[in-house]
Trainee: 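Attaching a single structure in structure tokens format; questions to follow.
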Amino acid sequence: GTIPSSYGYMRQLRYLTLSGSKINGTVPSSFNQLRSLAHLNMAYCQLEGTLDFLVMDNPNLNFVDISYSKFSGQIPDFNGLTNLERFTANDNLFNGTIPDWFGLSKVTELNLGSNKQITGSIPYNLGNYNTYILLLDNCDLTG
């Protein structure tokens, strides 16, 4: 089945794990209203589409795992996720370049491995700050 759009209106929701479920389709745009969400795990689902649902102002969100799914498109700027520490998005269908903002954020773990259409160079500031785990294997990166 799909994720009901009503989930996006659960204003006090802090922890959501759908990992390994048979959920498919796209994530409702109402998810960008989840301003209390701190932990989001959608790994090993059949979800697809872009990450526009993560473009929000949420100082609470610190963990996102969307690995082994079918998300695609470019990774947008998550400037509103000011306390994001772990972003795991390996084995998806992302393309484009790695946004520079990752190197200026509080991200301590960044996994974009096996997104074979991520191209360009590794941002110069990535790893200069808080990043302790950086997994970029099987991408088409230079430098």
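Quick note: residue numbers are just sequence positions, from 1. Predicted model, so just to flag it, every value in this text is computed and none were measured.
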Trainee: With distance as the sole test, does S67 use its side chain to make a donor-acceptor pair with the main-chain N or O of A43 at under 3.5 Å?
Mentor: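 Between the backbone of A43 and the side chain of S67 there is no qualifying donor-acceptor contact (under 3.5 Å).
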
Trainee: I want to know whether F87 and F78 have ring centres closer than 6.0 Å.
Mentor: yes

Trainee: Could you check if a side-chain atom of L61 sits within less than 4.5 angstrom of a side-chain atom of L54, using non-hydrogen atoms only?
Mentor: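 L61 vs L54: side chains touch.
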
Trainee: Does a side-chain heavy-atom distance below 4.5 Å link N95 with T119?
Mentor: no

Trainee: Which atoms form the tightest heavy-atom contact between L51 and P76, and what is the distance?
Mentor: CB-CD, 3.9 Å

Trainee: When you measure from the side chain of T142 to the backbone of G120, do you find a donor-acceptor pair of N or O atoms at a distance under 3.5 Å?
Mentor: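 The answer is yes, because a donor-acceptor pair under 3.5 Å joins these two groups.
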
Trainee: Starting from the C-alpha separation in whole Å, work towards a yes-or-no answer on side chain to side chain donor-acceptor pair (under 3.5 Å) for Q46 and K22.
Mentor: CA-CA 7 Å; Q46 297 298 310; K22 296 186 189 252; over 6 Å; no

Trainee: What I'd like to find out is whether the side chain of V55 reaches to under 4.5 Å of the side chain of N79, using heavy atoms alone.
Mentor: no

Trainee: Linking I/L/V/M/F/W/Y whenever any side-chain heavy atoms sit under 4.5 Å apart, do L81 and L134 land together?
Mentor: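 Shared cluster, yes.
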
Trainee: May I ask you to check whether over 12 heavy atoms, not counting those of Y7, lie within 6.0 Å of atom OH?
Mentor: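 Counting neighbours around OH of Y7, 12 or fewer heavy atoms of other residues, nucleotides or ligands fall under 6.0 Å, so no.
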
Trainee: Side-chain contact test, heavy atoms from C-beta onward, threshold under 4.5 Å: evaluate it for F71 versus V27 and give yes or no.
Mentor: yes

Trainee: Sub-3.5 Å donor-acceptor pair from the side chain of D65 to the main-chain atoms of A89, do we have one?
Mentor: no

Trainee: Mind checking the CG-CZ spacing from L34 to R14? Nearest 0.5 Å is all I need.
Mentor: 12.0 Å

Trainee: On a heavy-atom basis, which atom in Y44 and which in S69 lie closest, and how many Å separate them?
Mentor: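 Minimum heavy-atom contact is N-OG, 4.2 Å.
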
Trainee: Test side-chain contact (heavy atoms from CB on, under 4.5 Å) on N32 and D52 and set out the steps.
Mentor: CA-CA 8 Å; N32 66 9; D52 291 343; over 6 Å; no

Trainee: Between E48 and N24, is there a side-chain heavy-atom distance shorter than 4.5 Å?
Mentor: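 No, their side chains stay 4.5 Å or more apart.
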
Trainee: Working to the nearest 0.5 angstrom, can you tell me the gap between Q117 CD and L93 CG?
Mentor: 7.0 Å

Trainee: Does the N92 side chain pair with the main chain of N90, one donor and one acceptor, at a distance under 3.5 Å?
Mentor: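 Yes, because the side chain of N92 sits within donor-acceptor range (under 3.5 Å) of the backbone of N90.
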
Trainee: Nearest 0.5 angstrom please: L47 CG to I66 CD1, how far?
Mentor: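 Here the interatomic distance stands at 9.0 Å.
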
Trainee: Please report the shortest heavy-atom distance between F31 and M56, naming the atom on each side.
Mentor: O-CE, 3.6 Å

Trainee: Quick one: are N60 and N62 in side-chain contact, heavy atoms under 4.5 Å?
Mentor: no

Trainee: List the steps, then state whether side-chain contact (heavy atoms from CB on, under 4.5 Å) holds for L37 with N58.
Mentor: CA-CA 8 Å; L37 191 65; N58 182 343; 4.0 Å; yes

Trainee: Is there a side-chain contact (heavy atoms from CB on, under 4.5 Å) between T26 and F53 once you walk through the steps?
Mentor: CA-CA 10 Å; T26 60; F53 66 94; over 6 Å; no

Trainee: Identify whether M10 and F63 are in the same connected component of the hydrophobic contact network (ILVMFWY, side-chain heavy atoms under 4.5 Å).
Mentor: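 No.
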
Trainee: Kindly state each residue pair satisfying salt bridge (Lys or Arg N to Asp or Glu O under 4.0 Å) with at least one member in residues 81-96, sequence neighbours excluded.
Mentor: R86-E109

Trainee: Passes side-chain contact (heavy atoms from CB on, under 4.5 Å), H39 versus L16? Steps please.
Mentor: CA-CA 6 Å; H39 181 104; L16 179 61; over 6 Å; no

Trainee: Any non-hydrogen side-chain atom of I118 less than 4.5 Å from a side-chain atom of T97?
Mentor: no

Trainee: Looking at S36 and R11, what are the two nearest heavy atoms and their distance?
Mentor: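 Answer, listing the atom of S36 first, then R11: OG-O, 3.0 Å.
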
Trainee: Quick check: closest heavy atoms across P4 and P28, and the distance to 0.1 Å?
Mentor: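 Smallest interatomic distance, heavy atoms only, reads O-CG, 3.9 Å.
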
Trainee: What are the two closest heavy atoms between C139 and G113, and how far apart are they?
Mentor: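 Nearest heavy atoms, C139 then G113: SG-CA, 4.3 Å.
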
Trainee: Which of these, L110, N111, L135, N41, sits in a side-chain contact (heavy atoms from CB on, under 4.5 Å) with T88?
Mentor: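 Only one option passes, and that is N111.
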
Trainee: Answer yes or no: is there a side-chain heavy-atom contact under 4.5 Å between S30 and Y9?
Mentor: yes

Trainee: Hydrophobic cluster membership, with links at side-chain heavy-atom distances under 4.5 Å among I/L/V/M/F/W/Y: are L40 and Y68 in one?
Mentor: no

